[in-house]
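Inspection log for the structure reproduced underneath, given as structure tokens.
Everything numeric here is computed off the predicted structure, so don't read it as measured data. All chains are named by letter (A, B, ...) in the order of the sequence lines, taking the proteins before the strands, and each is independently numbered beginning at 1.
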Amino acid sequence: MSAPKSAFLAAMIDRGFMHQCTDLEGLDAAAMKGVVTGYIGFDCTAPSLHVGSLVQIMILRWMQQTGHRPIVLMGGGTTKVGDPSGKDESRRLLTDDDIAGNMAGIKQVFAKFLKFGNGPTDAVMVNNADWLDKLAYIPFLREVGRHFSINRMLSFDSVKLRLEREQPLTFLEFNYMILQAYDFVELARRQDCVLQMGGSDQWGNIVNGVELGRRIDDRALYGLTTPLITLASGAKMGKTAQGAVWLNADQCSPYDYWQFWRNTEDADVGRFLRLFTELPLDEIARLERLDGAGLNEAKKVLATEATALAHGRDAAMQAAETARVTFEQGGTASDLPSVSLPRAKLAEGVPAFELVVAAKLAASNGEARRLIRSGGIKVNDQAVGDETAKFGLEHLVVDDAIKVSAGRKRHTLVRAG
RNA sequence: GGAGGGGUGCCCGAGUGGUUAAAGGGGACGGACUGUAAAUCCGUUGGCGACAGCCUACGUUGGUUCGAAUCCAACCCCCUCCA
């Protein structure tokens, strides 16, 4: 089709969110005509979300920014069953309390990105347990099950690939796509929701929902998927040594979050600026034209803008300043991650390897010793050669803290407390 | 229910009686080079430690043996084929 007329789809396409759409022209027309309600489903298996979900969060935000109404669908019902796809480790069944707690945590994340309320374009959060829990098997089969042909279901990638690899596929998993399709129909009925979005791996499930809506309710529903975001170097995005990069401050401080984006690979900067910030496209075009070390400026902008979305502008500026002092001045910023040790303990003197463990820069004494031996540890910017060298109150040089560094990027302040 | 195959460190995977804390790869971390990038090269990668060693570890529990990830038995789990 020619360029979309609606601001929403224009943003989706121009910023790199669009992978596939069931009916681009139809959706564009709907978006031009009025407020479109669209949703994305999220698991509630954890009390927060990580950057792996950020693409989906951003498209909900763009919906709202361009005058539409986003719905966050929590998989309270499906989580109770346990999403069986993916890994084969047996999942612990979550209790209702766990799920409620996780939902509350996830809502905190969304509160940063979306405006919730009762207005026409205010976001709402709904839980599919509200309808899935109450489903009666036989009536459900008769209403919904009759519209699914096994022949067709077997042709979907999610199923087909499993069968081709001769991996087991349980009946439960097989039903998952039906439940997800039904969610869409239910949301269309309850919330007048006509659009489901998701990652490209959700395409089949989304299409099923679109078709089910047409067959049961004769409704025009739309589906849209985003591309799988990987790093230019091929790795999965959002994985670090510490695990996932979480979006809530408790599990990933704004400083660490800023650092995550600051360390983006050169080749990803432009793409990430488009996806994960709301800077104007011409500004992004300018930034990504910087080359060599100049790209570092673009990375700082990316870090600050992305952090501002997740943690607020103030926290982002603070993180940027902490990074500037630490990395560009080689100084010690008082806002670095910190731990405290009892003053009395420091008075006795703490061996270097213990100090490193206390600073959480190593998981065990052995690891700390190895780090020191390989020349990776600095205390107050001085290399430490002896793993048993003692550090104490006299080393509280800056801001009543000892600066302990592992490698060039990881710094912790050890305070007397 | 029957027959066969398999469960090894963060992951994959070699190892079928001793020199095995366990090859190799991946990942991760540290160093060099740089730009807090990528690529490349080097190193490290169970815990404790007075650095002499000690402890824990190859699905689980027992057994054989001077000695077991390796042999035996039972059990648990996974896969394939048959019913």
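In this structure, A/Gln259 reaches the bases: a heavy-atom distance under 4.0 Å links it to at least one base atom across the strands shown. Across all strands, A/Gly292 comes closer than 4.0 Å to base atoms (heavy-atom distances). A/Asn365 comes within 4.0 angstrom of sugar-phosphate atoms only, judged by non-hydrogen atoms across all strands, and of no base. Within 4.0 Å (heavy atoms only), A/Ala323 reaches at least one base atom of the nucleic acid. If you check every strand for non-hydrogen atoms under 4.0 Å, A/Trp261 touches nothing. Residue contacts for A/Thr326: at a heavy-atom cut-off of 4.0 Å it reaches no nucleic acid atom on any strand shown.
Here the side chain of A/Glu387 is nearest to one of B/U36, B/C51, B/A37, namely B/C51. Of the candidate nucleotides B/G35, B/C48, B/A37, B/G35 has the atom nearest to the side chain of A/Ala293. The side chain of A/Asn296 lies closest to B/G35 when the candidates are B/G35, B/G30, B/U44. Between B/C29, B/C51, B/U36, one nucleotide has an atom nearer to the side chain of A/Arg408 than all others, and that is B/U36. Which of B/U36, B/G35, B/A50 sits closest to the side chain of A/Leu295 comes down to B/G35. In the set B/G30, B/C48, B/C51, B/G30 carries the atom at the smallest distance from any side-chain atom of A/Ser374. The nucleotide whose nearest atom lies closest to any side-chain atom of A/Arg410 is, among B/C29, B/A37, B/C51, B/C29. The A/Arg370 side chain lies nearest to B/U45 when the options are B/U45, B/C51, B/C33.
Here, B/G15 and B/C71 have their P atoms 12 Å apart, quoted to the whole Å. Using P as the reference atom, B/C33 and B/G24 are 28 Å apart when rounded to the nearest Å. B/G53 and B/A22 have their P atoms separated by 16 Å, with the value rounded to a whole Å. For B/A68 and B/A21, the P atoms lie 12 Å apart once the distance is rounded to whole Å. For the C1' atoms, the distance from B/U16 to B/C58 is 13 Å, rounded to whole Å. Separation of the P atoms belonging to B/G59 and B/C10 is 13 Å when rounded to the nearest angstrom. Between the C1' atoms of B/C77 and B/G25, the separation comes to 27 Å (whole Å). Comparing the C1' positions of B/C55 and B/A23 gives a spacing of 25 Å, expressed to the nearest Å.
Regarding A/Phe353, its CZ atom lies at a distance of 8 Å from the C1' atom of B/G49, rounded to whole Å. For A/Asp386 and B/G49, the CG to P distance is 15 Å, given to the nearest whole Å.
Toward the 5′ end of RNA chain B lies the nearest nucleotide of A/Leu371, the other residue of the pair A/Leu371 and A/Ala363 mapping further downstream.
Test A/Tyr255, A/Trp258, A/Tyr257, A/Trp261 against A/His311 for ring-ring contact (aromatic ring centres under 6.0 Å, His included) and you get one pass: A/Tyr257.
Note that A/Lys134 lies outside the cation-pi zone of A/Phe140, set by a 6.0 Å cut-off to the ring centre and a 45° limit from the axis. A cation-pi arrangement, defined by a distance under 6.0 Å to the six-membered ring centre and an angle within 45 degrees of its axis, is absent between A/Arg61 and A/Phe113.
Salt bridge present: A/Arg152 and A/Glu211 bring a charged side-chain N and a carboxylate O closer than 4.0 Å. Salt bridge absent: A/Asp400 and A/Arg415 never bring a charged side-chain N and a carboxylate O closer than 4.0 Å. Salt-bridge formation is detected for the pair A/Lys300/A/Glu328: a Lys NZ or Arg NE/NH1/NH2 atom is positioned less than 4.0 Å from an Asp or Glu carboxylate oxygen.
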